[in-house]
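Here the structure comes first, spelled out in structure tokens, and everything after it is commentary.
Throughout, protein chains are lettered first and strands after them, A, B, ... in sequence-line order, and every chain is numbered starting at 1.
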2 protein chains.
Amino acid sequence: MKKPEEQFLDYLARKRLKNTSQRMTILSAFLRQKAHLSTEEFYLQLRKKHPGIGYATVHRTLKLFAECGIASERNFGDGQMRFEVSLGNEHHDHLVCTSCGQILEFENQQIEQLQVDVAKTHNFIIEDHRLELYGLCSACHSTGQQSVS
Amino acid sequence: MKKPEEQFLDYLARKRLKNTSQRMTILSAFLRQKAHLSTEEFYLQLRKKHPGIGYATVHRTLKLFAECGIASERNFGDGQMRFEVSLGNEHHDHLVCTSCGQILEFENQQIEQLQVDVAKTHNFIIEDHRLELYGLCSACHSTGQQSVS
DNA sequence: CTATAAATTGAAATCCGTTTTCAATATCGT
DNA sequence: ACGATATTGAAAACGGATTTCAATTTATAG
């Protein structure tokens, strides 16, 4: 498995794009982050340490990460695009807490297989898929908490 | 099972909202439509027969349908909100063709059960979920068609 | 059947996240 | 170091969803 840094640099070289300090700063911050942050949230985090980097650059760089395969774009229906590290983090689906916003990942090979079966019966070729369960995470329902607002 | 018309009128009465000709026109057009239309697409269709009805009214009325349970909002990641008749159309997931845009529905009870199992192991209470398979429908891959553009 | 209060309507304006524009700056191959 | 080319940050533009507002329609009370 190639390292994300390497894969990104390869991609830049292949596309004749340039290696800039902003891109490297954003990459290392991105690889360090754990949560599924939106562009806005990520930008606000980054700005604390690197106030010089603009929102547009962050946005463009996250898109580059997605293009070169080290990140994947996610959309949990809240109107914000989110990015997660995908390289070295194999396919998984999500549990999204509607109370605290926490996003947990899970894998289930049986579900994956059943999806393939469904596709087969509809003569459909799967390119991608998404499965999200929305509800209350353990912490939120055990405290009786229903909402953060 | 209550009829959609009835359920909508009950909802209006309960909320002290008014029964207008626009709302009834939109309701009957909505119940008649088969595809998973976006607000914009639905509005353009409707306008052919009912040019007097404005986009804002269509939008507001579709939201009312969702509130009262006869429609459900869907988001297939293309940045458009879509509505489908949900009353009398039990839970199902979707196959979305990335070439022609067609949206097929399917149900799979085994997948549903596995989702419940996953939730249980994470001590998570499911309120809702979404499963979408993206790829090429039968028609699109059998003709070798890869894109409509 | 009015009169009146309240909800609705359509057009236009606003919102809000995403994406693009553009002039100044930085990078990279030579 | 030079010159061509890509990148940057700020601000503008974009696109779909939502709200505003004055005019109109509906429902209720008299």
Side-chain angles (χ1 to χ4, degrees), chain A residues 8-30 36-68 71-83 101, chain B residues 8-27 29-30 36-68 71-84 101:
Chain A
F8 184 53
L9 292 174
D10 284 0
Y11 182 78
L12 294 182
R14 189 148 38 83
K15 292 272 201 155
R16 305 281 141 82
L17 303 178
K18 291 172 179 171
N19 180 351
T20 67
S21 69
Q22 288 93 332
R23 282 175 177 166
M24 290 307 124
T25 300
I26 294 169
L27 176 58
S28 80
F30 180 66
H36 293 71
L37 299 181
S38 66
T39 308
E40 176 77 11
E41 290 164 348
F42 181 68
Y43 165 68
L44 292 176
Q45 280 290 324
L46 187 75
R47 194 170 67 173
K48 293 177 187 167
K49 297 268 184 174
H50 304 277
I53 300 182
Y55 181 91
T57 300
V58 170
H59 168 261
R60 287 184 287 226
T61 305
L62 289 173
K63 295 237 110 179
L64 274 184
F65 294 166
E67 281 168 31
C68 78
S72 55
E73 288 183 36
R74 296 286 179 177
N75 164 2
F76 296 120
D78 63 351
Q80 305 247 130
M81 183 175 296
R82 290 168 190 280
F83 292 85
Chain B
F8 183 53
L9 291 175
D10 284 0
Y11 182 77
L12 294 182
R14 190 149 36 86
K15 292 272 202 153
R16 303 283 140 83
L17 303 178
K18 290 172 180 172
N19 180 353
T20 68
S21 69
Q22 289 94 332
R23 281 174 178 167
M24 290 307 123
T25 300
I26 294 169
L27 177 57
F30 180 66
H36 293 71
L37 298 181
S38 67
T39 308
E40 176 76 11
E41 290 163 348
F42 180 69
Y43 166 69
L44 291 176
Q45 280 291 325
L46 187 75
R47 195 169 66 171
K48 293 176 187 168
K49 297 269 184 175
H50 304 277
I53 299 182
Y55 181 91
T57 300
V58 170
H59 169 262
R60 287 183 287 226
T61 305
L62 289 173
K63 295 237 109 178
L64 275 183
F65 294 166
E67 283 167 29
C68 78
S72 56
E73 287 183 39
R74 296 285 179 178
N75 164 2
F76 296 120
D78 63 351
Q80 306 246 130
M81 184 174 298
R82 290 169 189 280
F83 290 85
E84 68 181 20

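A:T20 has a side-chain polar atom (N or O) that falls below the 4.0 Å cut-off from OP1 or OP2 of D:dT8. Listed pair A:Q22 / D:dG9 meets the phosphate criterion, a side-chain N or O lying under 4.0 Å from OP1 or OP2.
You won't find any donor-acceptor pair under 3.5 Å spanning the side chain of A:R16 and the base of D:dT7, going by distance alone. One cannot find a donor-acceptor pair under 3.5 Å joining the base of C:dA26 and the side-chain atoms of A:K18.
Contact between B:R82 and B:H36 at its shortest, heavy atoms only, is NH1-O, 2.8 Å. Nearest approach of B:Y43 to B:I53, heavy atoms of both residues: CE1-O, 3.4 Å. Listed here is the closest heavy atom pair of B:L12 and B:K18: CD1-O, 3.9 Å.
Separating the NZ atom of B:K15 from the C1' atom of C:dA7 is a distance of 14 Å, rounded to the nearest angstrom. Atom C1' of nucleotide C:dC28 and atom CZ of A:R23 are separated by 13 Å, given to the nearest angstrom. Rounded to whole Å, the distance from OH on B:Y55 to C1' on C:dA13 is 15 Å. A:E73 has its CD atom 12 Å from the C1' atom of C:dT19, to the nearest Å. For the pair A:E40 CD and C:dG17 C1', the interatomic distance rounds to 8 Å; values are reported in whole Å. One can place CG of B:L12 at 13 Å from P of C:dA7, the figure rounded to the nearest angstrom. Residue A:H59 contributes atom NE2, which lies 15 Å from atom C1' of D:dA12 at whole-angstrom precision. The OH-C1' distance, from B:Y11 to C:dT8, rounds to 15 Å in whole Å.
Of the two residues contacting DNA chain D, namely B:R82 and A:S21, the nearest-nucleotide position lying further toward the 5' end is that of A:S21.
Ring pair A:F30/A:F65: centre-to-centre distance below 6.0 Å.
The side chain of B:L17 lies closest to C:dA7, out of C:dA7, C:dG17, C:dT20.
In this structure, B:R60 reaches the bases: a heavy-atom distance under 4.0 Å links it to at least one base atom across the strands shown.
Here the side chains of B:M81 and B:H59 are not in contact, with every heavy-atom distance at 4.5 Å or above.
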